[in-house]
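To start, the structure itself, in structure tokens.
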Amino acid sequence: MLYNTLKREKQVFVPQDPARVTLYACGPTVYNYAHIGNARPAVIFDLLFRLLQQRYAQVIYARNITDVDDKINTAAAEQKVPIEVISKRFSDAYHADMAALGVGLPSVEPRATDHIPNMIRMIERLLESDHAYEVDGHVLFAVESYADYGLLSGRDMQEMIAGARVEVAEFKRHPGDFVLWKPSIPPQPGWDSPWGWGRPGWHLECSVMCEEHLGETVDIHGGGQDLVFPHHENEIAQSVCSHGGNVFAHYWMHNGFVTVNKRKMSKSLGNTLVVHELLKHTPGEVLRYLLLSAHYRQPLDWSDEALVRVRRTIDRIYGVLRDASSKHGPVSAADSPSDEFMETLLDDLNTPQALAELNNEARRLANAENQEVAKQSAGKVLAAGALMGLFQCDPQAWLAGDTEGVDETLIQQLIDERAVARENRNFTRADEIRDQLLGMGIVLEDVADGCRWRRADADRV
RNA sequence: GGCCAGGUGGCAGAGUGGUUAUGCUGCGGCCUGCAAAGCCGUCUACGCCGGUUCGAUUCCGACCCUGGCCUCCA
């Protein structure tokens, strides 16, 4: 069951071919570090990919890297380095950041620059069928040649012209026409083409890479909500028109925005949160949980309070897992999560409710009175976590936190000294030691078989 | 102006025509030498006004408000 932007309703997902399910998600343009808004679709479609793989024998998930774009050219010019340096640096960073968020690699990760000949062929087909025209070294797509243009975004071209706020380039036949190919001037990147030396327009790479790696028609195509128009609308136009009218994608999924303190994240507001930076202070798992804590189609508000909240929730669950294994022996993931969990996740990726189910199971685990119940509950928690990319760390290691800069020997000495003091019922001294450690950011927990310590929340978020 | 979302308890955030979401916080309790951790309990939730209904937060209509897109953007 998936919400389809095209139909504006939830639909039962029926693949064209259950033996080969295809998913395409718009990946990053590599001109800068990924911000948390880029991470949201990466995490969501990673989860969708995991779910599909559970249900279908073969799932091909393509997530592209756009490595030819004017923003890359600008970044290269500013930093006075070749564009390849920029695209290499930030695609590497993207991989590292996404890996930290538990995002696996897609089946294929095509790059725009590896598909220039195919792009040229697609443009030629569009020219031949009069869906495109050439002017001064530019090739433009003629939106009037495609009757269904605007269907995905629910737009009427006439109305859009009336409300247009942007000056239209002289050479366009219709204000909505968009560039398929444009001339380049060094140091801009360029390739030889029938229309001179130049480079592809934005939208084209996704159409071509879908065609190349997944086929003319894909099952699911996804991306951020802001891509609905014009990016995906234009992709549809190009693909349908160059494929003799064949459907481009059956299901369209779009994720909502990440806002920061209720405001849309944007460069102009200076409130973009870069994953690379967030990871310096926050484990990727916390970021992932937070990204999954709201439904993917809803806006997600990012704040320090939210980060703290998620941190505490995760700590509690790891704590329950740790206590369970020390009380009932080692636990491992069950074959599958609970039915409730799967059901809700399969209902248009209802991750908040799925996490609620996971929390319910964790509570059952904490309340488990015997080993059998405990192992069963722990198995469900771990299986659910595995599917969502959460709770795969060793609980003890997670709770100990980052021990860098912590003098473990000194802590142990103090704990031993405190144990002696407690033995002698010298609680004044014992509490003194506990306060001293707290001052160092260390919290003590007395348990049946001794005393364990962890870093205080404040130092770990 | 056009199009599209959404307004839920202190906060975050699901969901449902009649029954506990879940998490975080606060408060009370169990446990503890005291704590911490964990557990239990708890805090008169569904923007406003009509309508349908035995019954609406949930369906229908009007209204108010918020956000997004229409230009590069996940």
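Every chain is numbered from 1 and lettered A, B, ... according to where its sequence line falls, protein lines coming before strand lines. Only this structure's heavy atoms are used, side chains among them; waters, hydrogens and symmetry mates stay out.
Note on A:G224: only backbone sugar-phosphate atoms sit closer than 4.0 angstrom, heavy atoms only; bases stay farther off. Across all strands shown, A:V447 has no heavy atoms under 4.0 Å from either base or sugar-phosphate atoms. Contact annotation for A:Q298: backbone-only contact, meaning every heavy-atom pair under 4.0 Å involves sugar-phosphate atoms and none involves a base. Using a 4.0 Å heavy-atom distance criterion, A:G154 is classed as a sugar-phosphate-only contact. Counting non-hydrogen atoms under 4.0 angstrom, A:R363 reaches the backbone sugars and phosphates but no base. Residue contacts for A:K71: at a heavy-atom cut-off of 4.0 Å it reaches the sugar-phosphate backbone alone, with no base atom in range.
Of all the heavy atoms in A:L140 and A:L180, the pair that sits closest is C-CD1, 4.0 Å. Closest of all the heavy-atom pairs between A:G37 and A:M265 is N-CE, 3.4 Å. The two residues A:R297 and A:Q225 come nearest to each other via the heavy atoms O-NE2, 3.8 Å. A:V68 and A:P189 make their closest contact through CG2-CG, 4.2 Å (heavy atoms, listed as atom of the first residue, atom of the second, distance).
When the nucleotides B:C70, B:C39, B:U22 are ranked by their closest atom to the side chain of A:N359, B:U22 comes out on top. In the set B:C69, B:C39, B:A37, the nucleotide with an atom closest to the side chain of A:R155 is B:C69. Among the nucleotides B:G68, B:C40, B:G33, the one closest to any side-chain atom of A:R425 is B:G33. Looking at the side chain of A:V320, the nearest of the listed nucleotides B:C4, B:C39, B:A37 is B:C39. Side chain of A:H295, nearest nucleotide from B:A14, B:C70, B:G23: B:A14. Taking only side-chain atoms of A:P352, from C-beta outward, the nucleotide of B:A36, B:G13, B:U22 with the closest atom is B:G13. Of the candidates B:C34, B:G6, B:A74, the closest approach to any side-chain atom of A:R434 belongs to B:C34. Residue A:D446 has its side chain nearest to B:A35 when only B:G33, B:A37, B:A35 are considered. When distances are taken from the side chain of A:D323 to each of B:G38, B:A36, B:G33, the shortest belongs to B:G38. For A:R312, the side-chain atoms get nearest to B:U25 when compared with the rest of B:A74, B:G38, B:U25.
Judged by distance alone, with hydrogens and angles left aside, A:D301 brings no side-chain donor or acceptor close enough to the base of B:C11 to form a pair under 3.5 Å. Not a single donor-acceptor contact under 3.5 angstrom links the side-chain atoms of A:R316 to the base of B:G38. Between the side chain of A:D431 and the base of B:G33 there is at least one donor-acceptor pair of N/O atoms closer than 3.5 Å.
Atom OH in A:Y318 sits roughly 17 Å away from atom C1' in B:A37 (whole-Å rounding). Between the C1' atom of B:C3 and the CG atom of A:L151 lies a distance of 14 Å, rounded to the nearest Å. Taking atom CG on A:N360 and atom C1' on B:G15, their separation rounds to 13 Å, with Å as the unit.
Where A:S293 and A:V310 meet RNA chain B, the nucleotide closest to each residue was compared, and A:S293 sits on the side nearer the 5' end. A residue-by-residue look at A:A294 and A:G223 shows that A:A294 has its nearest nucleotide of RNA chain B further toward the 5' end.
Pairing of B:G55, defined by two Watson-Crick or G-U wobble distances under 3.5 Å, is not identified with any nucleotide. Pairing of B:C3, defined by two Watson-Crick or G-U wobble distances under 3.5 Å, is identified with B:G68. Look at B:C24: its Watson-Crick or wobble partner, with both distances under 3.5 angstrom, is B:G10. Across all strands shown, B:G61 forms a Watson-Crick or G-U wobble pair with B:C49, both key distances being under 3.5 Å. Base-pair partner of B:U44: not found among the strands shown (Watson-Crick or G-U wobble, both distances under 3.5 Å).
Proximity of A:R322 to the phosphate of B:G38: no side-chain N or O atom is located under 4.0 Å from OP1 or OP2. Phosphate contact (OP1/OP2 of B:G15, side-chain N/O of A:N350, threshold under 4.0 Å): present. For B:G38, the OP1/OP2 oxygens have no side-chain nitrogen or oxygen of A:K327 closer than 4.0 Å. Under 4.0 angstrom from either OP1 or OP2 of B:C40 there lies at least one side-chain N or O belonging to A:N367.
For the ring pair (Phe, Tyr, Trp, His ring centres under 6.0 Å) with A:H221, the lone residue among A:Y61, A:Y251, A:F248 that qualifies is A:F248.
A cation-pi arrangement, defined by a distance under 6.0 Å to the six-membered ring centre and an angle within 45 degrees of its axis, is present between A:R155 and A:F229.
A:Y318 and A:D394 are not linked by any side-chain donor-acceptor pair at a separation below 3.5 angstrom, with hydrogens and angles left out of the test.
On the P atoms, B:G1 is 13 Å away from B:C63, given to the nearest whole Å.
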